[in-house]
Amino acid sequence: MSTSDLHLYNTADRTVSKFTPLVPGKVGIYLCGATVQAPPHIGHIRSGVNFDILRRWLAASGYDVTFIRNVTDIDDKILHKAVHEEIPWWAVAMKYERAFSDAYAALNVLPPTYEPRATGHISQMIQLMQILIDNGSAYAPGNGDVYLNVRSLKEYLTLSGQKLDDLQPAEDADLTFKKDPRDFALWKGAKPGDPSWPTPWGDGRPGWHLECSAMAHTYLGESFDIHGGGLDLVFPHHENEIAQSTAAGWGFSKIWMHNAWVTTSGEKMSKSLGNSLQVQELLKKVRGIELRWYLGSAHYRSMLEFSFEALEEASVNFRRIEGFLNRASEILGGEIIPSISAEFSIAMNDDLAVPAGLASISEEVKLGNTAISANDDKALAVHAGRVRGALQILGCDPFDPVFASTSGASTEIIDGLISLALEQREAARARKDFSTSDSIRDHIAGLGITLEDTPSGPRWSISTALPKEKGN
RNA sequence: GGUCGGAUGGCCGAGAGGCGAGGCUCAGGACUGCAAAUCCUGCCACACGGGUUCAAAUCCCGUUCCGACCUCCA
């Protein structure tokens, strides 16, 4: 069913329209990944989650998806950090690249098809600059820099809808080498002590924008379907990518998708405090699957106002769904076969309307629970399958091995110990010694284990990944 | 100054002219030894002022407030 009815919002024309891939059955996506100069915060990872959901939905819709997410491993901030931390720049880049990889893995963001690093594509960047210089779109003033001549472009700033002359001119740039203050650097001439690579125009290092044009071209060709990134990349980064690539004669991306921010106190995160909303910190409070559920639950184009209360609420909501799937799995005595309901499909096809999809999941959970009460295993299998299928698209399938927190061996031991306690509790209940049975229950609950008495006997589940530690 | 978004119940969050998405919280009920889990019921909101319409949260005009981008940004 590669002829899906998917509609997507395109920043380029600010409308939602039907998605038609350039090559039937295939989709190429380029997502601007991280500049690895600090640990990832949830804003970074939201972008990863949002586009991971897009990717999973495309795949589920029958498309063969090539998903590229780059790593910017050379830039001013990395260089500054290297000086500050007194380690080589490449050690800074690797340290934070690993931090990002860990965060992506913890939130079940699938590894991209290819994950190119900027420094691994210098020759492709030089080739692109050569094309641009040869056709008069770019110039090398002789100091090692290479600039794009924005006045030479047929079109510029089409994504952000701005006028070149309305832009506040950059103050920092050494205007001496630029023909126009709005020209931007493709390549930055080497400064003493900084890493550099040789080019026909002198030694230097890549400008930020050039990297993505070169890497997208390398892995996806001259034209591809979707280019994604955070809303703040629209200008200048994506405008400049478009400028470079189209000036080279490439078709470049057909659809531009931008995720909104995670905000705190109504403001973009990076503007507010240097805060503690790093992924690793939050994973001490909630499980990765719950953090993902939270970040993925809002529509990707809506601002997500972060609060610990909202995060906790999302966790509670998710556990309800997870609890249902666990119950269903035990009752059905086997793996739940995932399926996609019509409601969920319609929601996702409407520019990834996850919130509407969530409503359909809630409905299926309710129907499934009702089926359990009615001992209707056939209906239960249907509803549980739809819930699991939807969760898989959202990357929140609790049965996904990615989220298994304990090894099989230790789970068996725990299971044995809990069962022992439960047997004693049942014995106490049988002789109406409720103070003893409740004491056992309270003790188990204190360990973060939830007990449910079902018609077929008590069952237990770990309610949190970590011992309860209430804070915030 | 230019460009672009946003304002929905106690809270989070959809929707985009007419049946009040969904979740969380709270209250009541069923079930339970008591709980938990689950189900049922209840809680009738769309920044403000005008207008259009049989009908407006949704369309139009105006206002207020909040935010983003304008060469570091997810």
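Chain letters run A, B, ... following the sequence lines, proteins first and then strands; every chain starts at 1.
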Considering only heavy side-chain atoms of A:D75, the closest of B:rC72, B:rU71, B:rA74 is B:rC72

Does A:R388 qualify as a cation-pi partner of A:F399, given the criterion of NZ or CZ under 6.0 Å from the six-membered ring centre and within 45 degrees of its axis? no

For nucleotides 2-15 of chain B, just jot down a letter per nucleotide in 5' to 3' order: B, S or -, based on protein non-hydrogen atoms under 4.0 Å. BSS------BSSS-

B:rA74 C1' sits how many Å from A:N70 CG, rounded? 12 Å

Tell me: CG of A:D438 to C1' of B:rC34, nearest whole Å? 6 Å

Short side-chain N/O contact from A:R320 to OP1 or OP2 of B:rA36, under 4.0 Å: no

For A:L233, which contact category applies under a 4.0 Å heavy-atom criterion: base, sugar-phosphate, or nothing? sugar-phosphate

Should A:R69 and A:D52 be marked as a salt bridge (charged side-chain N to carboxylate O under 4.0 Å, His left out) after you check the CA-CA gap, both sets of side-chain angles, and the distance that decides it? CA-CA 11 Å; A:R69 188 185 62 220; A:D52 190 53; over 6 Å; no

Over how many whole Å does the gap from A:L231 atom CG to B:rC72 atom C1' extend? 16 Å

When you measure from the side chain of A:V316, which nucleotide among B:rC34, B:rA74, B:rU25 comes out closest? B:rU25

Looking at every strand, decide which applies to A:G43 at a 4.0 Å heavy-atom threshold: base, sugar-phosphate, or nothing. base

CZ-OG distance between A:F324 and A:S362, expressed to the nearest 0.5 angstrom: 11.5 Å

With side-chain contact (heavy atoms from CB on, under 4.5 Å) as the test, pick out the partner of A:F306 among A:L311, A:L295, A:T263. A:L311

Does this structure show an ion pair linking A:D75 with A:K188, if we count only N-O contacts that are shorter than 4.0 Å? no

With a 4.0 Å cut-off, would you call A:R429 and A:E426 a salt bridge? yes

Salt bridge check, A:K179 against A:D145: does any charged N sit closer than 4.0 Å to a carboxylate O? no

Could you tell me if the side chain of A:W57 sits less than 4.5 Å from the side chain of A:L6, heavy atoms only? yes

Between A:R46 and A:N369, name the one whose nearest nucleotide on RNA chain B is closer to the 5' end. A:N369

Rounded distance (nearest 0.5 Å) linking atom CG of A:L358 with atom CD1 of A:I321: 6.5 Å

Write down the distance between CD1 (A:I74) and P (B:rC72), rounded to a whole number of angstrom. 16 Å

Euclidean distance, atom CG of residue A:L367 to atom C1' of B:rU38 [Å, nearest integer]: 13 Å

Span that lies between the C1' atom of B:rA47 and that of B:rA7, in whole angstrom: 6 Å

Electrostatic pair A:R319-A:E290, nearest N-O below 4.0 angstrom: yes

Secondary structure string for RNA chain B (Watson-Crick or G-U under 3.5 angstrom, | for other-strand pairs): (((((((..(((.....[...))).(((((.......)))))....(((((..]....))))))))))))....

Taking B:rA74, B:rC34, B:rG23 as options, the one with an atom nearest any side-chain atom of A:N317 is B:rG23

A:K366 has its side chain closest, among B:rC39, B:rA21, B:rC34, to B:rC39

Could you tell me the separation between the CG atom of A:D180 and the P atom of B:rU71, rounded to a whole number of Å? 14 Å

Ignoring hydrogens and angles, are the base of B:rC34 and the side chain of A:R441 linked by a donor-acceptor pair under 3.5 Å? yes

Measure from the side-chain heavy atoms of A:S362 and tell me the nearest of B:rG22, B:rC34, B:rA74. B:rG22

Quick check, does A:F434 stack with B:rG33? I mean ring centres under 5.5 Å and planes off by under 30°. yes

Among B:rG33, B:rA35, B:rC70, the one nearest A:R429 by side-chain distance: B:rG33

Quantified in whole Å, what is the P atom distance between nucleotide B:rG23 and nucleotide B:rA37? 16 Å

